[in-house]
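First the structure, in the form of structure tokens, and then the observations on it.
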Amino acid sequence: MEAINNEEAKAYFSRELLIWYRRIKRDLPWRMNQDPYRVWVSEIMLQQTRVDTVIPYYERFMSKFPTVRALAEAPEPEVLKCWEGLGYYSRARNLQAGAREVVERYDGVVPDDKASVAGLKGVGPYTTGAIMSIAFNRPEPAVDGNVMRVLSRYFCLEEDIAKPATRVGIEKLAASLIPEGAAGDFNQALMELGALVCTPKSPSCLPCPVMEHCAARIAGRETELPIKTKAKPPRPEKRVSVIVAGTGVNEGKILVRQRPETGLLAQMWELPHLLVPKEQEQVVEAAGEGSGSSTEYAAAGEWLTRSLETDTGILIRPRGWFMDTDHIFSHIHWKMRVYLADLGPHAEMAEASGASLAAETAAAYEVDGLRDEYRWIGPKDMETLAFPNVFLRILRDYWT
DNA sequence: AAACCGTGGTA
DNA sequence: TTACCAAGGTT
């Protein structure tokens, strides 16, 4: 291995990486052209999400919302439905808010201006650099996890890449590596190398275009780098969810609700569910699949009925266990038990009162105190409302 | 700075 | 099976 100085190592890296990328780059949907809107949508979808997962979502999204204006004018629930199953749903709402800002402030044209792009909702330092370089070929760094890993190895950097300050330092380095007039290709080359060659677990150094002068490789430390502090494991939460079957005018339907505007799974739809307090965990645990006596079922059912009534004003009548399912978010682990139920006695009384259909519905609302966020839905409504995966799985089970 | 925000692939 | 983690951003 020829010993070279740092400036030579940098020039070599930029030159060889760019040549390599232009030879082997993948043919991806968002690389069809450099339309800033297409680049923008792809970068938002690709945040913390694999290429293979994104591709079908991207195709669907672009055919439904082909322009900034189309996205800006769409009803928000349609945008959320298009994002269903992809996760990090605030990305979808921020993206549409950004599109609306581009229509109002920039006449529907994504501005070729770093500060303006950086000011759009959901666009942070990485995405700003990605849009500026890929769409407009501006010499801005776009430092994501791939880039931090690749540069940590090539330059044998030992800073913890989990720390925000480390990314800032690597941005300066990445900026100094951008070849004249080739910002977009070079930034994508860095990420392509990280995705295909310089992978997290076992990097494939032999086909690497810059292996010869990779400091970590030369030191035999390529698997030790980058240094990254471990994430905390998700905290466990026991939850009980209920499928409430409608009767009368709601025959064949079930009760769902829309989540609040902020926080976890914001504005997504879900089955009614409750956090099980520590002191109730034993009671719920005892009433599972064929594992509880009638007494134990009654105890769990009583707790569920009382809690749901307190929380939502809806009086149910538990009918039995349906399924258990685990769902792991990035920071919470839901251990969910699902029960079947129908409505309690006073709802039936309202239906049996002999009132007209409209009056009956109104009466049911009054008697049940059904709040705005609740709705009776059938299978057909699943095509319109956006549900997170944990509830999609349960509902598909229920309706098949 | 550290917690919050989803999901699925991989070893 | 557990553990890691992927083209991050916001608060």
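To find a chain, count down the sequence lines: A is the first, B the second, and so on, and within it residues start at 1.
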Phosphate contact (dG8(C) OP1 or OP2) by Q48(A) side-chain N/O below 4.0 Å: yes
Are OP1 or OP2 of dC4(C) and a side-chain N or O of R149(A) less than 4.0 angstrom apart? no
Atom OH of Y126(A) and atom P of dA6(C) are separated, to the nearest Å, by 13 Å
Near-ring test W30(A)/Y58(A), centroid separation under 6.0 angstrom: yes
Could you go through residues 119-141 of chain A and list every donor-acceptor pair under 3.5 Å that involves a side-chain atom there, pairing it with any protein atom two or more places apart or in another chain?
| residue | atom | partner | partner atom | Å |
| --- | --- | --- | --- | --- |
| Y126(A) | OH | E43(A) | OE1 | 2.6 |
| T127(A) | OG1 | Q47(A) | NE2 | 3.0 |
| T128(A) | OG1 | G124(A) | O | 2.7 |
| S133(A) | OG | G129(A) | O | 2.7 |
| S133(A) | OG | A130(A) | O | 3.3 |
| S133(A) | OG | N187(A) | ND2 | 3.0 |
| N137(A) | OD1 | A183(A) | N | 3.1 |
| N137(A) | OD1 | G184(A) | N | 3.1 |
| N137(A) | ND2 | G181(A) | O | 2.9 |
| R138(A) | NE | D112(A) | OD1 | 3.0 |
| R138(A) | NE | D112(A) | OD2 | 3.4 |
| R138(A) | NH2 | D112(A) | OD2 | 2.6 |
| E140(A) | OE1 | K114(A) | NZ | 3.2 |

Pair up each side-chain donor or acceptor in residues 70-81 of chain A with any protein partner under 3.5 Å, not counting sequence neighbours, and list the distances.
| residue | atom | partner | partner atom | Å |
| --- | --- | --- | --- | --- |
| E76(A) | OE1 | Q267(A) | NE2 | 2.9 |
| E78(A) | OE1 | K64(A) | NZ | 3.3 |
| K81(A) | NZ | E84(A) | OE1 | 3.2 |
| K81(A) | NZ | E84(A) | OE2 | 2.9 |
| K81(A) | NZ | M382(A) | O | 2.5 |
| K81(A) | NZ | L385(A) | O | 2.8 |

Taking the P atom of each, how far is dG6(B) from dA3(C), in whole Å? 23 Å
Considering just the side-chain nitrogens and oxygens of K232(A), establish if one lies under 4.0 Å of OP1 or OP2 belonging to dA3(B). yes
What's the spacing between R337(A) CZ and S241(A) OG if we round to 0.5 Å? 12.5 Å
To the nearest Å, how far apart are F329(A) CZ and dA3(B) P? 19 Å
Comparing G263(A) and P164(A) on DNA chain B - which has the more 5′ nearest nucleotide: P164(A)
Length of the line joining I170(A):CD1 and dG8(C):P, which is rounded to integer Å: 14 Å
What is the separation between atom CD1 on I55(A) and atom C1' on dA6(C), rounded to the nearest whole Å? 14 Å
d(OH, Y88(A); C1', dG9(C)) in whole Å: 10 Å
Would you indicate, yes or no, if dT7(B) has its OP1 or OP2 atom less than 4.0 angstrom from a side-chain nitrogen or oxygen of Y89(A)? yes
Reading DNA chain C from 5' onward, which residue's closest nucleotide shows up sooner: L28(A) or V123(A)? L28(A)
Closest approach to the side chain of L265(A), judged atom by atom: which nucleotide of dA6(C), dG9(C), dG6(B) is it? dG6(B)
With the threshold set at 4.0 Å, does a side-chain nitrogen-carboxylate oxygen contact exist between K10(A) and E8(A)? no
Spacing between R91(A) atom CZ and dA6(C) atom C1', to the nearest angstrom: 10 Å
Within the structure shown, what part of the strands sits under 4.0 Å from W83(A) by heavy-atom distance: base, sugar-phosphate, or nothing? nothing
All N/O pairs under 3.5 Å across the protein-nucleotides 8-11 of chain B interface:
| residue | atom | partner | partner atom | Å |
| --- | --- | --- | --- | --- |
| dG8(B) | OP1 | N389(A) | ND2 | 2.5 |
| dG8(B) | OP2 | N389(A) | ND2 | 3.1 |
| dG8(B) | N2 | R50(A) | NH1 | 2.6 |

So, OP1 or OP2 of dG9(C): does either fall under 4.0 Å of a side-chain N or O from T127(A)? yes
Does E289(A) CD have over 12 foreign heavy atoms under 6.0 Å away? no
Can E222(A) and R217(A) be counted as an ion pair, charged N to O under 4.0 angstrom? yes
With heavy atoms under 4.0 Å as the rule, sort R93(A) into base, sugar-phosphate or nothing. nothing
Using whole Å, report how far CD1 of I161(A) lies from P of dA2(B). 16 Å
Is the number of heavy atoms from other residues, nucleotides or ligands under 6.0 Å of D372(A) CG greater than 12? no
Could you check whether K163(A) gets within reach of a base, just the sugar-phosphate, or nothing at all, counting any heavy atom under 4.0 Å? nothing
I want to check one thing: is the phosphate of dC5(B), taken as OP1 and OP2, less than 4.0 Å away from some side-chain N or O of H331(A)? yes
From the candidates dG6(B), dG9(C), dA6(C), the one with an atom nearest any side-chain atom of P200(A) is dA6(C)
So, applying side-chain contact (heavy atoms from CB on, under 4.5 Å) with E281(A), which one of E285(A), K278(A), E279(A) is it? K278(A)
Please measure how far the P atom in dC5(B) lies from the corresponding atom in dC5(C), and state the result in whole Å. 22 Å
Of the candidate nucleotides dC4(B), dG9(C), dT7(B), which contains the atom at the shortest distance from the side chain of P388(A)? dT7(B)
Select base, sugar-phosphate, or nothing to describe what R26(A) touches, counting heavy atoms under 4.0 Å on all strands. base
From CE of M268(A) across to P of dC5(B) the rounded distance in Å is 14 Å
